[in-house]
K.L.:
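Mind having a look at this structure? Questions to follow.
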Amino acid sequence: MLGSMMNVPLNIADVLKYAADVHPTGEIVSVRTEGDIHRTTYKDTLGRVSQLAHALTAQGVRVGDRIATLAWNGYRHFELYYAISGIGAVCHTINPRLSAEQMSYIISHAEDTMLFVDTTFVPIVAALRAQWPAGLKIVVMTDRAHMPGGDDLCYEELLDGQATTFDWPVLDENTASGLCYTSGTTGNPKGTLYSHRSTVLHAFMEAVSLPNVLQPGRRILPVVPLFHVNAWGLPYAAPLTGASLVFPGAALDGENLFRLMDTEQVYSAWGVPTVWLGLQGEIKKQGRLPQGLADVVIGGSAAPASMIRGFEAQGVNVCHAWGMTEMSPIGTTGNLPPHLEGLSLDDKLALKSKQGRRTCLVDLKIVDEDGKRLPHDGVAAGELYVRGPAITAGYYKNDDANAGAFDREGWFGTGDIATIDADGFLAITDRAKDLIKSGGEWISSIDLENVVMAHPGVANCAVIALPHPKWDERPLMIVVPAGESRPEVSELMTLLSEHFAKWQLPDDVVFVGELPLTATGKVSKLTLRTQFAHHVLPDMEQD
Ligand code: ADP
């Protein structure tokens, strides 16, 4: 028997319409490419999004067309999110840090018909457009006064004179709304095609998981980019809950972020660990926190325990989150439940170093090599599989990638190795491809990095596997010193010996000025493995 309730589809435009009605003064503050700060509200944004929807329609955009963006975090990019999806087209965000080859691959794979680009990225377009489809229309996201030469379209001119209301179509909730490609650390990038239903549900799931931050009046700064995994869902969850957004534009170094957070009284800031290394450096330099900062959300790669301690010791709540492009992206969040809030700082830190508990409507399981479920005892480690309504059911036009991505029950394989404890806390041990297999035993690169990062002389660190004739693979530790002088290798080894067996210790430590980053700001172990492929490890006995 079916229930007899209205079958009103979940549509993205309704999120912004709700925000304009109920949170009309909720703000969007943006550092613009034009060099100034721009302020608007959800109410006024709905007006401009309506103008943009008319403009897109006038350009001939139809339901299902893929419309690409190449842009920083700012109000115009936010407007594109809603206007493109709102008329039934697909907002395809492109990561400007991808290689030229990857960018051209995804533009032709997605068959984009229009590309909206910030002035910063006009040179990339100029260099590559000859390789792109001739019919691709380019719109520069600025006003006439700031337009570069050439005959590309001007964003503000497209909006000028358009009506500030729009008759939004009621779309089937499974209509595609957004497209995001993973950064393709192996092979070509793979596309996740989001729907209105998955996007709206994800916004609710996030709001339920992070009520301390997602509420009216809170000011949230997404350092995590709109050009990758929907800025972790914030463009939807913030207006839904009435939280304001502070978009940082292009300047993401510690000094600029500190200044913006300070002047805009940012309550919560979201980003990958490399960004917070920069901010923590600036906090140390200034001897104070940015005014109003009470919370950081860290995800994308493992947050080192020393980073969590640094924030928590200054009274800033750290929420360690885990997810992936294929999950919209949030899978787990790490705020502690009330009965664990009273723990000592050390016990709290041990829990917060884990990646948190599942978001509602995300199911997790860990399995062994035969696909058998492992217990949630915090000890058994296995490959993590996920299931839920905001998780991909298959990569966009990519049968090869889909062939191995799901198990027999239809769960998605994350490629991460994890434990889950009795309280439901997930701990990512490693990406399967980053684990080090030594003499038949596994060594976690994340665990080694975490311990060494606590040394005051270490700014950053990565551990990779190098092939070894006897042991299969052995760990090499690559360290960025914090100051002018390097920490003694013997000191690092002593520190590691307190936590690891002798056979788990790195065979060698090398020092470098900086670590290579992926297009999403994570340490690129793939690049490091290539860079150190010929590094000769000193011989070491395994006991
Ligand atoms: P890509 O970097 O390939 O574009 P994503 O940004 O979707 O892909 O990254 C997803 C992966 O990032 C996860 O599968 C996991 O390996 C890693 N990751 C994300 N958050 C965390 C975290 N908090 N701790 C450890 N690893 C994480």
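Note: hydrogens, waters and symmetry copies are ignored here, and every other heavy atom, side chains too, is used. As the structure is a prediction and not an experimental result, all values here were calculated from the model. Remember, it's 1-based here, ligands and their atoms both numbered in the order they're listed.
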K.L.:
Can you name the side-chain contact (heavy atoms from CB on, under 4.5 Å) partners of D421, sequence neighbours left out?
P.N.:
L351, K354, D423, F425
K.L.:
Atom CZ of F258 and atom CG of L293: how far apart are they, to the nearest 0.5 Å?
P.N.:
9.0 Å
K.L.:
Could an N or O of ligand 1 be found under 3.5 Å from any N or O of K522, whether backbone or side chain?
P.N.:
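It does: an N or O of K522 is found under 3.5 Å from an N or O of ligand 1.
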K.L.:
Could you check whether the rings of F121 and W72 sit parallel, tilted or perpendicular, using 30° and 60° as the cut-offs?
P.N.:
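Aromatic pair F121/W72 classed tilted.
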K.L.:
For residues W132 and S108, is any side-chain donor paired with an opposing acceptor at under 3.5 Å?
P.N.:
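No, S108 and W132 have no side-chain donor paired with an acceptor closer than 3.5 Å.
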K.L.:
Salt bridge between R529 and D434, side-chain N to carboxylate O under 4.0 Å?
P.N.:
yes
K.L.:
Counting heavy atoms only, name the option from K190, R431, E326 that's nearest to atom 10 (C) of ligand 1.
P.N.:
R431
K.L.:
Do Y181 and H109 get their side chains close enough for a donor-acceptor pair, meaning under 3.5 Å?
P.N.:
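Yes, H109 and Y181 have a side-chain donor paired with an acceptor closer than 3.5 Å.
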K.L.:
Does the N or O separation between A321 and ligand 1 drop below 3.5 Å for any pair?
P.N.:
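N/O-N/O distance below 3.5 Å exists for this pair.
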K.L.:
If we only count heavy atoms from C-beta on, is the L245 to P222 side-chain gap below 4.5 Å?
P.N.:
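Answer yes - side chains close enough.
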K.L.:
For residues 326-338, which side-chain donor-acceptor pairs fall under 3.5 Å, sequence neighbours excluded?
P.N.:
{"unit_1": "E326", "atom_1": "OE2", "unit_2": "Y395", "atom_2": "OH", "d": "2.6"}
{"unit_1": "S328", "atom_1": "OG", "unit_2": "A390", "atom_2": "O", "d": "2.7"}
{"unit_1": "T332", "atom_1": "OG1", "unit_2": "W322", "atom_2": "N", "d": "3.4"}
{"unit_1": "T332", "atom_1": "OG1", "unit_2": "Q355", "atom_2": "O", "d": "2.7"}
{"unit_1": "N335", "atom_1": "OD1", "unit_2": "N317", "atom_2": "ND2", "d": "3.0"}
{"unit_1": "N335", "atom_1": "ND2", "unit_2": "N212", "atom_2": "OD1", "d": "3.2"}

K.L.:
For ligand 1, which atoms have a heavy atom of M324 less than 4.0 angstrom away?
P.N.:
7 (O), 10 (C), 14 (O)
K.L.:
Please determine if T182 has a nitrogen or oxygen closer than 3.5 Å to a nitrogen or oxygen of ligand 1.
P.N.:
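T182 vs ligand 1: no N/O contact under 3.5 Å.
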K.L.:
What part of D416 sits under 4.0 Å from ligand 1 if we count only heavy atoms: the side chain, the backbone, both or neither?
P.N.:
side chain
K.L.:
Quick one, I84 with H92, criterion side-chain contact (heavy atoms from CB on, under 4.5 Å). Give me CA distance, side-chain angles, the key distance, then yes/no.
P.N.:
CA-CA 9 Å; I84 296 171; H92 171 206; over 6 Å; no
K.L.:
Would you say T520 touches ligand 1, if touching means a heavy atom closer than 4.0 Å?
P.N.:
yes
K.L.:
Relative to ligand 1, is A302 under 4.0 angstrom through side chain, backbone, both or neither, heavy atoms considered?
P.N.:
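Both backbone and side chain.
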K.L.:
So is H228 close enough to ligand 1, meaning a heavy atom under 4.0 angstrom away?
P.N.:
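Yes; H228 lies near enough to ligand 1 that a heavy-atom distance drops under 4.0 Å.
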K.L.:
Of all the atoms in ligand 1, which lie at a distance below 4.0 Å from a heavy atom belonging to H320?
P.N.:
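Near H320, meaning under 4.0 Å from one of its heavy atoms, ligand 1 has 22 (C), 23 (N), 24 (N).
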K.L.:
Please work out, at 4.0 Å between heavy atoms, whether the side chain, the backbone, both, or neither of Q355 comes within that distance of ligand 1.
P.N.:
side chain
K.L.:
Would you please determine whether G300 falls within less than 4.0 Å of ligand 1 on a heavy-atom basis?
P.N.:
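Distance cut 4.0 Å: G300 passes for ligand 1.
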K.L.:
Below 4.0 Å from any atom of ligand 1, is there a heavy atom belonging to G415?
P.N.:
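No; G415 lies far enough from ligand 1 that no heavy-atom distance drops under 4.0 Å.
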K.L.:
Does ligand 1 have any atom sitting under 4.0 Å from a heavy atom of A303?
P.N.:
no
